Amino acid sequence: MQTHEIRKRFLDHFVRAGHTEVPSASVILDDPNLLFVNAGMVQFVPYFLGQRTPPYNTATSIQKCIRTPDIDEVGITTRHNTFFQMAGNFSFGDYFKRGAIELAWTLLTSPVAEGGYGFDPEKLWATVYYDDDEAAQLWQEIAGLPSERIQRRGMADNYWSMGIPGPCGPSSEIYYDRGPEYGIEGGPEANEDRYIEIWNLVFMQNERGEGTSKEDFEILGPLPRKNIDTGMGVERVACLLQGVDNVYETDLLRPVIDTVAAIAPRGYATGNHDDDVRYRIIADHSRTAAIIIGDGVTPSNEGRGYVLRRLLRRIIRAAKLLGVDQPVMASLMATVREAMGPSYPELAADFDRISRIAVAEETAFNRTLAAGSKLFDEAAAATRSSGKTTLSGSDAFTLHDTYGFPIDLTLEMAGEAGLSVDELGFRELMAEQRRRAKADAAARKHAHADLSAYRELVDTGPTEFTGFDELSSDARILGIFVDGKRVPVVAHHARVHSETPPPERVEIVLDRTPLYAESGGQIADVGTIAGGGSGGTSRAAVTDVQKIAKTLFVHRVNVESGEFVEGDTVTAAVDPKWRHGATQGHSGTHMVHAALRQVLGPNAVQAGSLNRPGYLRFDFNWQGPLSEQQRSEIEIVTNEAVEADHEVHTFHTQLEKAKAMGAMALFGEAYPEEVRVVEIGGPFSLELCGGTHVHNSAQIGPVTILGESSVGSGVRRVEAYVGLESFQHLAKERALMAGLASSLKVPSEEVPARVANLVERLKVAEKELEKTRLANARSAAVNAAAGAQRVGKVRLVAQRMSGGMTAADLRSLVGDVRGKLGAEPAVVALIAEGDNGSVPFVVAVNQGALDAGLNANQLVKALSPAVDGRGGGKPDLAQGSGKNGSGIDAALDALRAEVARS
Ligand code: SER
């Protein structure tokens, strides 16, 4: 049966049953959370949620759907398509489970001559959500399905949502058994290639909230009405009704494969699996690309455009790897139009545009590939002439990085050239690049990637820094930049609408400024730039200052009122409170550095530092952690030097002279001929430094070392609070101690002894508790053994144990019980509601039962689904854990049934 006919029968069936036929929505709906429409129900979401009143009570549609998360699976499995057609019927508070099951069953099993699909009812299976007795019952009643062809499954398989907040509910899926040549039996639970899902009936009754996976999201509550949402995979039904092996060979996809096979040196289905996958990729992606372009997407580097670009490029590569050396896109698009046009007239109507866009991407990508091939030939020749047979990882990396060559293409080309490729080296370089990109992104506070715009100003000379002597200076605006582009003027924008785009990156360069630019570990000053036009009321807040080419200070600003024009005279001012804190932080850093060297010696060499108001950190080379005593000594030396109220003295001198005086400099840093030296307490602290400092050390205030930690091999870090922050930190600790003392009802100084005493008593109590637990477990074992039932020739203990038992408890118990049951065939299954909502279970089987053909592993598989669990083990002892305590009884029932069957 052709796809066109399958679609028609579906719609006719539901229209006959009173449904309104609704056309497919575009694959792009106005929902930023949803890249593409991925289910038939998407256009109906407001009806399900009760936000809008549907103009009909029941509807039917065949929706164009795109799902791209599984893109790498395409062609490898037989059932993944990035584009597929979902046939669905929907009830908005009209019929519910019974109606949905009846309607689906009739269409699937009615004879072809009577308008149905004519599936053999004996080959159909159903799954239901594990506690959905009603649906299971309906399958028996309506379809006459025997209970062993109705499987119960958990959240991941049988609870449907869009993957984002919206309507959701338990589902029931219909599967078709393709027969033993497709794999082991045991229903969909055992094998989803042999048992292929064709239809999903969702009993849409709840609303879901945010979540992290298919199994983990909040259910916000019931929907206003009970609804039905079903989705039948048209491609999968076509695959079955056309008797082909996989969806790629159905009537709408196969022509694409044939188009490629006509021009490729190697054919389809000639025994080369890799080639077949490539053919299927081309067939699947061509169709998806045409549909997406048809709905208005063009190739780009982000979002939907990126998905499209990726699809098109994967087609081109797959064709190359098949050995096709001519452009393919135009003929692929034409084939898609022929196959799909009858159902999707928009593809035919808009064909020229669709084809033009796809072909343009192919042309551009082929240019890149051609340049890369040239490089490849050179690299291959160089490899051979140096007597090697392996293309280096770095060549493969360059091909990937510069020319977009995927590694499989390089491998293929190398293979043809009689070479292998250092794949490991390639992967290391890729990983290295990813690490670098991450570090770069973190380090680059300012997107000054393109410095050319600032070049002219850098050339006019350095910004004069006035901030050592004053906190406010008059200055002239030399340049204004918005998003890295030079502009003559920038004005305040009132944000009238909430959809006004976020503010751009606005920067101002002045001829002189008192605002310190981040350097030497000291972060930038904050402050204001004021004056300018509009009668002097213009104002901008300076949020950051960075240096370009070490000389040009660039102020990042938010324009709060008025406007700024290049050439204006303005007043730039530092926030005095901020600066006070910044000087404390920076001078504090010098003090900690000096104290550290005094305590640890000259090997504690500075490796980096960062300071801001109230806080500092200092990294230094040192092996192993500091002792508590060293840490405390450093703190004491620092605070004594603060207390001594040393004068802070700064001066300029020749680099050589400063070094001769013993001034600390950062190893590897390039210093100018003339340097600035900051001296605190004479020889106590002498450093080359361009930062801002207090005048006297007492101004730093108390310094509290917070801790010391490792930041990489051989590098340690101390962190400290200074000034008021330091005091506040100590006050908080004092309050904490007072709270502890009061809850322990002892004076503060007795807290340590009291806690030690409590810990000791707790240990004793835990031992006692353990003894009692063991005794309880032993008597539980005796009771359990006594409660054995007889199921056939087997003695069965299937019990729910008291709460809080761990898997280890159950394991030891299960052995005890089994021991007490003697040599007759016996099975012991124990299950408990453990801690944190876990549901541990263990099944043991004795030799007699093993001989009778029972297997603990199988029994665990039988009981797990009802508690949403997984497990396994050996034939005589298997265990697992579930997540759903309310299914324990059902799990035990399932186990009993399984034992009875054996
Ligand atoms: N929404 C369900 C699915 O996509 C049924 O239509 O599977």
Side-chain angles (χ1 to χ4, degrees), residues 6-7 10-11 13-14 19 21-25 27 29 31 33-49 54 58-70 79-92 94-97 99-101 103-105 107-108 125-129 132 135 153-176 188 192 195-208 211 213-215 217 219 223 225-237 247:
I6 294 170
R7 291 168 45 104
F10 189 96
L11 295 172
H13 174 70
F14 285 101
H19 295 61
E21 184 181 328
V22 179
S24 171
V27 294
L29 278 193
D31 181 341
N33 291 320
L34 203 62
L35 202 55
F36 292 108
V37 166
N38 60 0
M41 48 73 75
V42 172
Q43 63 168 320
F44 302 116
V45 169
Y47 301 157
F48 288 130
L49 293 177
T58 57
T60 181
S61 71
I62 295 180
Q63 173 67 45
K64 304 182 269 189
C65 294
I66 309 273
R67 291 187 189 173
T68 50
D70 295 336
R79 51 177 204 278
H80 276 102
N81 277 149
T82 55
F83 167 80
F84 59 95
Q85 307 173 75
M86 187 179 284
N89 55 292
F90 308 91
S91 151
F92 310 106
D94 196 90
Y95 59 84
F96 197 46
K97 294 184 188 181
I101 292 175
L103 284 163
W105 186 255
L107 176 62
L108 291 176
W125 290 58
T127 61
V128 298
Y129 188 50
D132 195 349
R153 303 179 86 176
M155 256 336 235
D157 298 295
N158 277 65
Y159 200 96
W160 201 87
S161 78
M162 288 158 71
I164 55 174
C168 66
S171 70
S172 179
E173 295 177 333
I174 307 172
Y175 287 78
Y176 180 83
E192 287 204 27
Y195 300 88
I196 191 163
E197 182 203 333
I198 49 180
W199 204 333
N200 186 12
L201 315 181
V202 182
F203 311 131
M204 206 66 110
Q205 49 188 304
N206 290 316
E207 185 173 356
R208 70 159 268 180
S213 73
K214 275 185 172 181
E215 295 176 74
F217 49 79
I219 296 203
L223 294 173
R225 285 184 307 247
K226 289 188 169 169
N227 310 291
I228 287 295
D229 149 38
T230 87
M232 185 193 83
V234 172
E235 280 71 13
R236 293 191 184 178
V237 168
V247 292

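Remember, it's a predicted structure, so these values are computed and weren't measured experimentally. Values below: every heavy atom of this structure, side chains too, minus hydrogens, waters and symmetry copies. Just so you know, ligand 1 is whichever comes first in the structure, and atom 1 is the first atom listed for that ligand.
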Nearest-0.5 Å distance that lies between atom CE in Met204 and atom CZ in Phe96: 10.5 Å
Test side-chain hydrogen bond (donor to acceptor under 3.5 Å, both in side chains) applied to Tyr47 - qualifying residues, sequence neighbours left out: none
Residues lining ligand 1 [heavy-atom distance under 4.0 Å, listed by chain and residue number]: Ala39, Met41, Arg67, Met86, Trp160, Asn200, Val202, Asp229, Thr230, Gly231
Lys226: partners by salt bridge (Lys or Arg N to Asp or Glu O under 4.0 Å), with sequence neighbours left out: none
Residues that Arg153 engages under salt bridge (Lys or Arg N to Asp or Glu O under 4.0 Å), provided they are two or more places apart: Asp157, Glu189, Glu192
Check ion pair Lys97-Asp132 (N to O, under 4.0 angstrom): yes
Which atom of Thr127 lies closest to which atom of Pro188, heavy atoms considered: CG2-CG, 3.7 Å
